[in-house]
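Working notes for the structure below.
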Amino acid sequence: MAAVGTGTGTGAGMGVRALPASPNWYSSRCSDVSSDGRLFGFAARHRICLLDVAAAAPTFYGELIGHTDRISGFAFCHCPGHGGLCASSSDDGSVRIWDSGTLSPVLEYSLHQNAISALHWSPLVKDLIVTGDEKGVIVCYWHNRNDSQQFFPEPRTVFCLTCSPHHENLVAIGYKDGMVVIIDISRKREVVHRLRGHEDEIHGLAWCPVPGEERLPAWQDELQEGKVPNGEVTQDTATRKGCYLASGSKDQTIRIWSCTRGRSVMTLKLPPTKRRGGAVDPAVKERIWLTVHWPAGHPSDILSSAFGGELLLWNLTQPGKRKWTLLGSSEGQNHSRIVFNLSSVKHQDRELLFSISMDRDVKCWDLSTLDCSWTMPSLGGFVYSLAFSPVDTGCLAIGVGDSMIRVWNTLSINNIYDVKTFWQSIKSKVTALSWHPTKEGSLAFGTDDGKVGIFDTFAKNKPPQISSTYHKKTVYTLAWGPPTPPLISGEESDQLSVTLYSCAGEGIVFQHNPWKLNGEANDINKVIRDTNSIKHKLPARTEVSWKPDGKLLALGNEDGSIEIFQAPNLKLLCTIQQHHKLINAIRWHHEHGTQPELSYLIASGSINATIYVHNLKSVVENSSENPLTITEPFRTLAGHTAKITSLSWSPHHEGRLVSACYDGTAEVWDVMKEEPLCNYRGHQGRLLSVQWSPVEPDCVYTGADDFSVHKWHISKQEHTRPPQGKKSIELEKKRSIQPKVKAKKKKKPVGKSPGKQDANDAMNGDESMKEMLLEENGVSDHEGEKEAQEAELADKVSVTVSRDTSSSACDYSSFSLPKPSVTQKAAPVKKDPPKEKPTPDASLKKRKPRSILPFSTLMDHRSKEELHQDCLRLAAYNEDMSSDLKDCIHLGLFTDRDSLHKMIDMEGKHHLENGHAELFQQLMLWKGDMKGVLQAAAERGQLTDQLVAMAPMVGYQAWVWTVEAFAKQLCFQEQYVKAASHLLSIHKVYEAIELLKVNNFYREAIVMAKARLRPEDPVLKELYTSWAALLEKDGHYSMAAKCYLGASSPYDAVKVLSKKGDVASLKTAAELALISGEEELSATLSLRCAQDLLLSRNWVGAQEVLQHSVLFFFPSLLKGQRLVFCLNELLCSCLSERNPCERKSPVPPCYHSWELNREAPFLDMVTQVWQNVLGMDTTEKATCAQEQLGRIEHPPSTSNTHPKQVLFHISHDLALAALSCHLGMWDEAVKSILGAVTRSFDAGNFTLMQEICSIILPEGCDDLRDKLDSTNSQSMDACRSLEGFVAYRQLYNLWWNSPKVSLGLQKAVLGPSVQTALEKSCVSGDPAPEETVQTTAEMDENLCSTTEVSKCETQSDSRTDSVDVADRQSTPKGCQVLLSEEMAALQNTQRDIAEVQETLAEMIRQHQHIKHSACSLLCSLSRREAAQSPNKRVTHDTCSSLDSKEEAKQPVTLPELTKQLLKAKQKLAEFPDNLKVFPFPDVLECCLVLLHLGSQCPPELQEEALALLRKHGGAGVYKKAGRRFLT
């Protein structure tokens, strides 16, 4: 990759002492120290500052420049032989590698798509750099081979990362949410451990400098807490190869992690340390930043930051809770704000620790003594002002954009960076400073927000005195001078030797009484007017400077002039008309030279790049009554290429001047010879201030917008002149590398916009640079610390209008607006300390508003001769009103109203022609013709809110008409809500509501209707119902239900809510129906809800739904259903116990934990549960429940009925049976039991039928028969039918457990109802259990259909009724009941009828099919005949052939079938009715089974079975199956 960017040469750092820019905040690693201990580097905004720390005191080494955005990470290479290399990452997405020795870039790469948030250079692999970004992407880059690899272990924001010093492939990563991940970059599945324990941001990670995990004594407790077996950890190979990792988090804890165990082994909680030396308001809540560092020389100690800037040393081997020691033994050694980064190095025989903090100090600590070795202060904003104290020699005051003043004792021997900070009562940038000329420690300051105050620098932490008179804009200059009226004649005039003068952006100079700052300051313009009898408007003041002897005052003005006044009454002596642009700096020559005449020299600098020096000696000595005008300079100093910002005369030489300029350089001049002596180019930005050292003739101090102050030596500079040509362009490029502006949503590139600037403006600096947002701290403090807020304010608060703006307005084309005056909003401002504005504001500022009077403005910018002619015409018109001004319409501005109206009409016509209707409307408003404007705008569809707001000026009717027209216009633009609001403003409520309703804005329409209409208005109900219908159509049932409720239609709400059909909706709908008084509907919905819960095997939930309804609302409706649900649960539980699931159901059952009497019969057990749990403890309740359940009729079951529905219907029948037994109604009980058995049989579920018989009648029907009334023939017939099904079950049990018979014989024997099922279940007469057995629990989940009837009863094991030898003998005898002659004859007749009916139905279907086929054939032949061959016809033979085929398929005629059907029905009618009421097993099927049993069946039964088979088995399947027995 190409090496891109520029670096500061080593020469820039030679002989330079500097206060650098402050380190960036909120980065996990943006500072580092080189492995040789020589250089310490930290990121400062978009540059890297390098300090030489090898000596006892640090020195400025240089800067690495090339990034265009805030630097987020910085690290040195710590591999042997490569200590000079370092790497940095930036928010611009790039990573750069630098050679710190030459301060030059090596290469650059950009592999991240997002902002980079962490960086580390591997300590083991010399060319590996690892970076992480805000989206969680990790990039490993090997720069020697230009190879990279990406990892994405977690989709989280990376906060920090660090490479292992012992394993070259391990990287630890800390995330914003508290997760710590260790990855192996050599593996595909890279994550080794995910370490969870922290609850907030990870601020720092540090590996133990010693490999291995031999446990330290103090770690015993933590390991035991981690549940290590027996509290011991075996020191195996893995332990010895592992390594500990420390992490610090915003959750105020430090954790030590084991990499082999993958868990925390120690947790340290930050102690509530008492802050010492804190210089911040304690009411300000600071954000915690907990960084950690594991020094190489102290493997058992960890360093960490704490709450208020303290540093803690944790001894990990020390037992007990207090394991920490505070660094800094004396007052003021520790930081006063939170610490962000720690790094250490072994240098000579000491181990040094370096720390950077929010207090902008860089500190170096000696870890052997835990004391601070030195402190390097730094600056967090532009250096706007420098001032040396005239009393305390060498004391330099620095005004900075971070809202603080630094006072640097430059003569300190013990500490070359002896700096005090003053911040009290300062809320914005410090833009001006001035020391009291005689009072030691008295420092006046001015700020960006117009405040003027005085600090006593010797009073520690004492707030300043603040003047009660504020400037409206930025204070640019402060000067101490003799008092002028009215202070010179006041009571305190005796004690006043000097007063304080301040000049600010609004162009006013105030005189403040330093002894009475709470009094009102005086505007000296009043004195100037009174003394000099001035009537005209005074120019805006931009600079103030007193001659050192206090006799002369120089005022620099916005128009470029300089006025010289004589004290004390400020008589105007002369005006210097040399500069033509705003004055930035004025300086008088000192008076202690050998040539007294030089004290009259005054140097001045402006927006122009030229410096002029004037000699006022002759003017002062030969003063005249009238002020003079000076147009020729004494000396001209040319060479700079941008505006001059500051000047300073040398106190050691005569006629020697230093200047600071926006071209980024400072120039030393020999004024008398007009020669440049030396040029300093060490800054990386525009220079804003300059001061010549008062004690060192060869030293100069400069401040710039690169956040730094430099002290440099004149004799050591290699350049003599300011850069010109290519050098100037290169310097401009270097300065233009500024951080990108981060807008909230849109990113706009920062660049020049020189569109309309003239050549001179382009030379004088790019004004867009002035408005850039330069983050003075590298990051904004989101938690609200004082300094960060103030820095942000300092960066973002903009000056209303810059000095350059007001001045450059004069240099536009001749048609631009005139220069604004002091009273205008765009007031003249002074030097414009570069105000850092967001780019969008800058772009808006540069776009000039369109003139509302362009023609007259254009006419006033013509040539001077034409303007003079206008003056003559106006003068003539004023003398003679009859003079003609037709050709000078633009002069209507200065004449009568009629002429003004003509001018307005012409301007309006111009606006309409150019498509600026809004400007035309404004003009008509000014003229007073609003009605025409409204009508024209309505016709063109150009009505606006502003026009509608002005419509009432015309009248009420016009306003109403305008609003209606605007509403129509808004409807065309699909702004219906706004249109409705306007209709509402003219009280058209119904129209507004209808408009919203028609366009489906129902919510807004309802709000409007409820707010403005009566509650009973039908419109409101109509809105609710219409919206509900629309919502219901779209499937938003819950919202539709709320609409119906709003319309007072709860029934509709219940219905729509139940449409969803899920359990929650049904439950809510049921409760809603109850509240609304719909008891029956609520009962129905509750039952549906309970049945749905039953489908999901949740009997507990089902009972809760029913119980809620029974207890609180309608006990009579659902009490019986609770009994059914209870029995269903017990039945399913019993079936599951009898047949445990071989295949578990995906939905686990949810049973009640009832106490059950397993020894009692099933129906008795059910009755006991009803009594104990459901409260059915009286005969009346049982009778009521029976009556309720008896009224419910379920349809007959078929093979298509859902198995769970079949089981629920069976439960209903058995509940009736249990109630009948409980009430002693045995006749009804037997019918209900028979109904349950036959229902399972009709559903084709033979398995379920067997289980029901086994559970309900385990001993058969004898006991039940004894309890019946023998005189009741119906109940006896029902009992006989029930006995038949019980015997039918026993018969098949005997057959399936008999010796193997062939499948073919079984097929032949089986009746139509179960033949198909047994084909699947029987394999050679002995089916395998896994193929045939279907447990009863599965029946509950998905009971078998007719194709699975007999899968459960083909294997005799513990899950079925065992058939022993006694049973084999007794069962055939019990089957006697199945061999009923009457039932065989009845069933045979019924089969005949069914067969005839089926044949008849088939005949009808075939006839319809033939008829349809013939018609289709006839139509197709007709179409073909019409299209092709008209002579072809359908012959009779075609139809005859079709008929003959059908006749072949129908050997029986319709009359014969009808005759057979009639005969069979007559025969059926001869049977007794009691035989036909109750179902009975197929007798012939039972005969075949008995015959197949062979020797197991008694001979008499076989004979009886053969007789029945001969008599009734002459047709169909029975004839085929019984052939072997009958032949």
Side-chain angles (χ1 to χ4, degrees), residues 385-390 432-438 444 476-482 484 497-503 509 511 524 541-557 561-568 570-576 578-579 583-606 611-621 623 628 630 633-637 644-660 668-672 689-694 700 830-831:
S385 180
L386 296 174
F388 271 107
S389 171
L433 295 171
S434 181
W435 292 94
H436 194 285
T438 57
Y476 290 119
T477 305
L478 295 172
W480 294 89
T484 58
S497 59
V498 290
T499 57
L500 179 63
Y501 295 83
S502 62
C503 178
V509 177
Q511 178 186 202
I524 66 170
R541 314 299 185 185
T542 60
E543 176 73 347
V544 56
S545 179
W546 279 94
K547 194 171 182 294
D549 60 6
K551 294 180 180 179
L552 297 178
L553 170 67
L555 293 181
N557 299 324
S561 63
I562 300 173
E563 295 175 319
I564 308 299
F565 298 92
Q566 188 175 34
L570 302 185
K571 177 186 176 184
L572 179 61
L573 295 181
C574 68
T575 301
I576 301 173
Q578 201 70 56
H579 299 278
I583 301 298
N584 269 334
I586 298 175
R587 295 294 181 271
W588 294 89
H589 195 283
H590 59 82
E591 297 186 327
H592 50 267
T594 58
Q595 304 178 47
E597 66 274 9
L598 294 183
S599 65
Y600 290 96
L601 293 184
I602 183 170
S604 57
S606 70
I611 302 168
Y612 294 105
V613 180
H614 294 84
N615 190 342
L616 302 182
K617 187 174 188 300
S618 60
V619 174
V620 175
E621 292 178 350
S623 60
L628 303 176
I630 299 176
F634 175 65
R635 294 288 187 269
T636 301
L637 307 177
I644 308 300
T645 56
S646 183
L647 299 170
S648 179
W649 291 94
S650 168
H652 313 282
H653 310 86
E654 294 181 342
R656 190 160 295 185
L657 182 73
V658 62
S659 58
V668 178
W669 306 89
D670 186 328
V671 173
M672 305 308 290
S689 51
V690 62
Q691 282 286 308
W692 206 302
S693 171
V700 175
K830 202 201 163 190
K831 22 188 124 154

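Only a predicted model underlies this, so the values are computations on that prediction, with no experimental measurement involved.
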Task: Partners passing side chain to side chain donor-acceptor pair (under 3.5 Å) against Q578 (at least two apart in sequence or in another chain) - done: H614
Task: Residue pair T645 / S689: nearest heavy atoms and the distance that separates them - done: OG1-N, 4.5 Å
- [ ] Hey, could you give me the CH2/OG distance between W692 and S648, rounded to the nearest 0.5 Å?
- [x] 8.0 Å
- [ ] Determine whether L616 and I630 make a side-chain contact, defined as any pair of heavy atoms from C-beta on separated by less than 4.5 Å.
- [x] yes
- [ ] Quick one: list whatever passes side chain to side chain contact (heavy atoms under 4.5 Å, CB included) with E597, sequence neighbours left out.
- [x] Q595, K617
Task: Shortest non-hydrogen contact between S659 and L647, atoms and distance - done: CB-CD2, 3.5 Å
Task: Heavy-atom pair of closest approach, residues G655 and L598 - done: N-CD1, 4.3 Å
Open item on the list: So, taking the atom named CG in L570 and the one named CG in L555, what distance separates them when rounded to the nearest 0.5 Å?
Closed with: 8.0 Å
- [ ] Could you check I644 against N584 for side chain to side chain contact (heavy atoms under 4.5 Å, CB included), going step by step and ending with a plain yes or no?
- [x] CA-CA 7 Å; I644 308 300; N584 269 334; 5.5 Å; no
Open item on the list: In the structure I gave you, are the side-chain heavy atoms of T484 and L553 within less than 4.5 Å of one another anywhere?
Closed with: no
- [ ] Side-chain contact test, heavy atoms from C-beta onward, threshold under 4.5 Å: evaluate it for W669 versus R635 and give yes or no.
- [x] no
TODO: Identify, with sequence neighbours excluded, every residue that meets salt bridge (Lys or Arg N to Asp or Glu O under 4.0 Å) alongside D670.
DONE: none
TODO: Under the salt bridge (Lys or Arg N to Asp or Glu O under 4.0 Å) rule, collect the residues that match up with K571, sequence neighbours excluded.
DONE: none
Open item on the list: Can you tell me which residue among W546, Y476, W480 is in a ring pair (Phe, Tyr, Trp, His ring centres under 6.0 Å) with Y501?
Closed with: W546
Task: Student check: side-chain heavy atoms of I564 and V619 closer than 4.5 Å - done: no
Open item on the list: I'd like to check Q511 versus L500 (side-chain heavy atoms, cut-off strictly below 4.5 Å). Are they in contact?
Closed with: no
TODO: Please list, chain by chain and in numerical order, all residues satisfying salt bridge (Lys or Arg N to Asp or Glu O under 4.0 Å) with E654, sequence neighbours excluded.
DONE: none
TODO: With side chain to side chain contact (heavy atoms under 4.5 Å, CB included) as the test, would you mind laying out the steps for R656 and V671 before giving the verdict?
DONE: CA-CA 6 Å; R656 190 160 295 185; V671 173; over 6 Å; no
Task: Note, S604 side chain near I576 side chain (heavy atom, < 4.5 Å) - done: no
Open item on the list: Is any side-chain heavy atom of L552 closer than 4.5 Å to one of L573?
Closed with: yes
Task: Non-hydrogen side-chain atoms of H592 and P548 separated by less than 4.5 Å - done: no
- [ ] If the plane angle is over 60° it's perpendicular, under 30° parallel, otherwise tilted; pick one for Y612 and H579.
- [x] perpendicular
Task: R587 versus S545, closest heavy-atom pair with distance - done: CA-OG, 4.4 Å
TODO: Could you tell me which non-hydrogen atom of T542 sits nearest to which non-hydrogen atom of T477, and how far apart they are?
DONE: O-OG1, 4.2 Å
Task: Spacing of S434 atom OG and L478 atom CG [to the nearest 0.5 Å] - done: 6.0 Å
Open item on the list: Test of understanding: with ring pair (Phe, Tyr, Trp, His ring centres under 6.0 Å), list the residues that count as partners of W588, not counting sequence neighbours.
Closed with: none
Open item on the list: Could you measure the distance from the NE2 atom of H589 to the NE2 atom of H653? Nearest 0.5 Å is fine.
Closed with: 10.5 Å
TODO: To the nearest 0.5 Å, tell me how far E543 CD sits from S606 OG.
DONE: 11.5 Å
- [ ] Quick one: pull up CH2 in W649 and CG in L657 and give me the separation to the nearest 0.5 Å.
- [x] 5.0 Å
- [ ] Looking only at non-hydrogen atoms, find the nearest pair between P694 and P651 and report the distance.
- [x] CA-CG, 4.1 Å
